[in-house]
Novice: 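So that we are looking at the same thing, I have put the structure below in structure tokens.
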Amino acid sequence: MFKPDVWLLAALYFSGTVDAAITSNYTRAILSSGTVKLGDWQNAFDRASKFTAALSTDEKLSIITGSGAGNYSALRGSDSSANPINYYFVTAWPAGLAMSMTWDKDAIYSQGKGLGAEFKGKGMNVAYAPTVQPLGRSPWGGRSGESYGPDSYLSGIMAGRLASGMAASGVTPSAKHYILNEQETNRQGSNGGGGMGGGGPGGPGGNTSVGAPSSMQRRQSPSNTTLSNEAYSAEIGDKAFHETYLAPFYDAVKAGVGGAMCSMQKINGSYGCENQDTLARYLKVEIGFPGFVHPDAGAQHTSFDSANAGLDYGSSSYWSNSTLVAGIANGTFSSARLDDMVIRQLMGHFKQEQEIYPSHAGYTDNVDVRGEHGKLARQYAAESLVLLKNTKNALPLRNKKAISIFGKHAAPRLMGPNTALTVMSGVDATMDGHMSQIGGSAMSSAAFLVTPFQAFNERAQADGFMLKWWLNNTVVESSGGGMQLSDGSGTEISETTLGIVDGAEACVVFLNAWAGEGADRSELSNAEGDNLVKYVADNCNNTIVVVNTVGPRLLDQWATHENVTGILYGGPLGQSSGHAINDVLFGDVNPSGKLVHTIAKNESDYDQNTQISEASVIDFSEGNYIDYKYFDQKNSTPRYSFGFGLSYTTFEYSTQIEITPKTQLLSSEFASGDLAVGGREDLWDIVAEVSTDISNTGKISGTEVAQLYVEFPASAAEPVRQLRGFQKIKIQPGKTEKATFQLRRRDLSVWNVEKQEWQIVRGDYKFTVGSSSRDLKASSTLTV
């Protein structure tokens with residue numbers, strides 16, 4: 001395992017050699033040291049440096065503790081990746097999980113651009129997005145719904161594209177949670193429970209107190225959890241740390257994030273916001289992060305340890321004349337580091353040209369920033385839905401005379417449209433009403449919510465079919481009280497579950513699984529909902545199930561039932577959830593989403609080492625083998641594999657793939673480029689291109705997500721295969737299109753622990769193209 005550095009220890013050269021002449025990570029991480037080439041951040045650095053040089057020490061302290069100085073106003077920041085949290089008149093976009101299930105780089109960039117424009121319109125300088133982690137190490141994790149799935153390559157690409165879009169709108173994106181924040185249980189210990197994800201500049205709504213408990217209600221930990229006084233410590237080896245957990249942050253930094261929210265829990269024994277190894281050495285030097293690090297709420301614990309480790313923005317309770325300024329005088333701290341903290345905060349301000357900026361709006365102020373974003377939110381929600389099963393031509397639902405819908409998830413909650421921010425102990429694992437968002441600091445601020453119940457009524461009115469509904473998860477077999485049952489000759493119905501089934505040509509059952517910041521998941525299935533599906537399917541030979549979930553949701557209780565003819569699966573879809581589901585069910589949109597996590601047959605099929613733990617030390621001993629990589633390692637067959645998703649048309653892949661290597665760029669075994677924003681410059685070189693043809697063999701236009709997987713040489717000690725490319729392609733019926741994947745040096749590199757560098761191992765690389773991690777169509781080998 002890698003061990004935390006002590007302040008001013010001699011740094012280890014990235015070539016793997018130790019040189020006593022080299023200064024510490026602490027010093028090298030200071031932007032003025034010239035360690036990192038700043039590229040298009042250079043102008044912002046020059047301006048920030050000039051501004052900082054004119055400030056007094058008190059003014060510098062004011063800036064790093066959340067206030068302004070001179071003509072610089074305090075930063076305003078807030079969550080989330082779905083919208084500016086708690087605000088009126090904003091768009092409730094699909095959650096991160098749903099956006100990732102589109103596998104559409106252009107869509108998530110467009111969402112980021114719209115999201116950034118809304119933050120800017122509300123006068124927010126910084127948006128706490130994207131949520132890069134929790135990655136989703138554990139299927140029981142409570143916050144997987146707000147990030148982009150457990151594959152580090154997919155997560156990095158999607159998070160990076162969101163960040164690029166936000167930055168293009170003039171807001172500073174801040175990635176969270178850095179790093180290894182993979183469960184809610186005991187992530188801060190008894191000192192605060194789950195805590196807000198809104199720690200940082202201004203906090204939610206622009207409050208200027210940072211590093212202290214948020215003004216919003218704090219999350220409570222599950223009541224069945226015995227908490228220690230301190231947060232758990234995530235223990236992990238250097239190889240897995242780099243290849244699985246650090247890798248997505250490379251993409252986010254390269255894409256332009258100007259902030260990073262450090263996490264609450266410990267990492268190999270040191271708190272995430274005072275860990276010099278993860279902050280100074282890896283984030284600021286190895287990845288070349290030019291922005292500022294700010295704490296999750298309650299995540300700052302010390303004055304000097306946090307400041308010397310790399311925290312740039314914190315609480316005046318810790319940072320003051322009696323601490324930092326006194327530390328400069330006695331050598332415990334340095335004026336260069338103080339300047340660096342100020343400069344890093346100002347970098348995004350100048351990079352995004354925020355000198356002239358909209359006024360900060362209050363939560364309920366009549367500042368409508370939505371524009372035409374609602375159309376995009378509905379479009380992306382529909383494009384994220386995954387068709388898992390479709391037999392007997394069940395879908396799309398066309399030319400039906402009578403349809404019945406079932407389940408609480410079809411209808412609104414008794415109040416709404418938004419959830420409470422808190423996810424407290426005792427909260428059910430399913431939402432009692434339609435689930436369109438996750439809980440906690442990534443919740444939506446919806447001005448309205450279209451439920452499936454509303455959408456089906458609109459469709460019945462337009463198309464003329466008869467609609468019946470059972471808005472309950474409980475099966476009722478007797479109407480009681482001697483009520484006379486209908487003989488089927490009219491519209492009178494038996495007020496039983498079977499009475500709603502009676503006469504239906506299609507029965508659509510709605511289920512959800514819900515969670516969010518503050519508590520982890522207690523179940524991966526739900527007995528009440530599953531019993532409802534089985535009962536309906538036993539009595540209706542055309543039963544379609546719609547599932548919206550915040551993470552892997554088991555389906556095997558009924559997935560193979562002969563009368564379950566269709567399964568539609570999605571994440572939290574935002575404000576137009578019901579319309580998006582309806583668009584796919586009725587064929588207005590041809591489904592094109594793909595799974596971003598593996599759906600197992602049984603709960604025990606998941607790696608039991610990744611279950612939520614109450615231990616004070618959690619060993620990530622599974623290393624790189626999470627989700628599909630674990631299933632491949634164990635040769636375990638899932639119900640639905642990572643990357644799987646059907647369409648209303650059919651696609652045929654060529655049996656040939658073409659590899660075009662750039663031999664000269666592959667000749668160097670170790671990355672050796674200059675350190676720059678995003679890591680060594682040559683890590684981003686395109687070293688090979690892979691292409692293949694895909695044909696639409698059906699009768700309607702469709703969109704396929706072609707996926708490229710790489711098998712590394714055995715000596716690399718890597719998972720069986722890993723995603724290293726994807727392309728979403730629209731293909732007309734009878735036509736053929738080419739899928740092309742460009743591989744960067746980093747895509748073929750592994751982390752060499754001994755040399756402390758990215759390495760392209762010599763040997764055979766097998767490239768395979770397919771429609772999922774288990775549906776592989778053609779392969780070819782490149783020898784390096």
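The figures here come from the full heavy-atom set of this structure, side chains too, leaving out hydrogens, waters and symmetry mates.
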Novice: For Phe670 and Asn752, run side-chain contact (heavy atoms from CB on, under 4.5 Å): C-alpha distance rounded to whole Å, both residues' side-chain angles, the deciding distance at 0.1 Å, then the answer.
Specialist: CA-CA 9 Å; Phe670 290 95; Asn752 186 302; 3.9 Å; yes
Novice: Atom CG of Leu743 and atom CG of Leu748: how far apart are they, to the nearest 0.5 Å?
Specialist: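 That separation rounds to 5.0 Å.
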Novice: Carefully, step by step, assess Arg143 and Ile438 under the rule side-chain contact (heavy atoms from CB on, under 4.5 Å).
Specialist: CA-CA 8 Å; Arg143 298 187 71 173; Ile438 59 178; over 6 Å; no
Novice: Side chains of Leu61 and Val325: closer than 4.5 Å at any heavy-atom pair?
Specialist: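 Contact flag for Leu61/Val325 side chains = yes.
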Novice: For residues 266-299, which residue pairs pass the disulfide (SG to SG under 2.5 Å) check, not counting sequence neighbours?
Specialist: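 Sorted result for residues 266-299: Cys262-Cys273.
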Novice: Do other residues, nucleotides or ligands put more than 12 heavy atoms under 6.0 Å from Tyr88 OH?
Specialist: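 Incorrect, the count does not exceed 12.
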Novice: Could you tell me whether Tyr282 and His242 have their ring centroids closer than 6.0 angstrom?
Specialist: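 Yes, ring centres under 6.0 Å apart.
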Novice: Mind running side-chain contact (heavy atoms from CB on, under 4.5 Å) on Glu274 and Phe304 for me, showing each step along the way?
Specialist: CA-CA 9 Å; Glu274 54 188 59; Phe304 294 112; over 6 Å; no
Novice: Look at Glu118 together with Arg370 and state whether they make a salt bridge at an N to O cut-off of under 4.0 Å.
Specialist: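 Judged by the 4.0 Å cut-off on N to carboxylate O distance, Glu118 and Arg370 do not form a salt bridge.
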Novice: Using a cut-off of 6.0 Å, state whether more than 12 heavy atoms not belonging to Lys60 lie near its atom NZ.
Specialist: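 Count over threshold, so yes.
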Novice: Any chance the rings of Tyr178 and Phe249 have centres within less than 6.0 Å?
Specialist: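 Aromatic pair counts; centres sit under 6.0 Å.
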Novice: Quick test of your reading of the model: are Arg744 and Asp251 salt-bridged, counting only N-O distances below 4.0 Å?
Specialist: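 Yes, this pair counts.
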Novice: Does any part of the side chain of Ser110, heavy atoms only, come nearer than 4.5 Å to the side chain of Leu376, both counted from C-beta?
Specialist: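 Yes, at least one pair of side-chain atoms sits under 4.5 Å.
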Novice: Working note: Met166 + Lys113, criterion side-chain contact (heavy atoms from CB on, under 4.5 Å); need CA distance, chi angles, decisive distance, verdict.
Specialist: CA-CA 5 Å; Met166 296 182 75; Lys113 198 168 183 180; over 6 Å; no
Novice: At what distance, to the nearest 0.5 angstrom, does CZ of Arg724 lie from CG of Asp747?
Specialist: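 Going from CZ on Arg724 over to CG on Asp747, the span is 6.0 Å.
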Novice: For the atom pair OG1 (Thr278) and NZ (Lys284), what is the distance rounded to the nearest 0.5 Å?
Specialist: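 Reported value, rounded in 0.5 Å steps: 10.5 Å.
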Novice: State the OG-CZ distance between Ser749 and Arg680, to the nearest 0.5 angstrom.
Specialist: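 Ser749 OG to Arg680 CZ: 12.0 Å, rounded to 0.5 Å.
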Novice: So Pro130 and Val257, do their side chains get closer than 4.5 Å, heavy atoms only?
Specialist: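 Val257 reaches Pro130 side chain to side chain.
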Novice: Any side-chain donor-acceptor pair under 3.5 Å between Asn308 and Arg337?
Specialist: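 No, no side-chain donor-acceptor contact under 3.5 Å.
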Novice: Parallel, tilted or perpendicular: which fits the ring planes of His301 and Tyr271, with parallel below 30° and perpendicular above 60°?
Specialist: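 His301 and Tyr271: parallel rings.
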Novice: Nearest 0.5 angstrom please: Asn125 CG to Gln352 CD, how far?
Specialist: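 Asn125 CG to Gln352 CD: 10.0 Å, rounded to 0.5 Å.
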Novice: Of the non-hydrogen atoms in Ser169 and Gly116, which two are nearest, and what is the gap between them?
Specialist: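 That would be CB-C, 3.7 Å.
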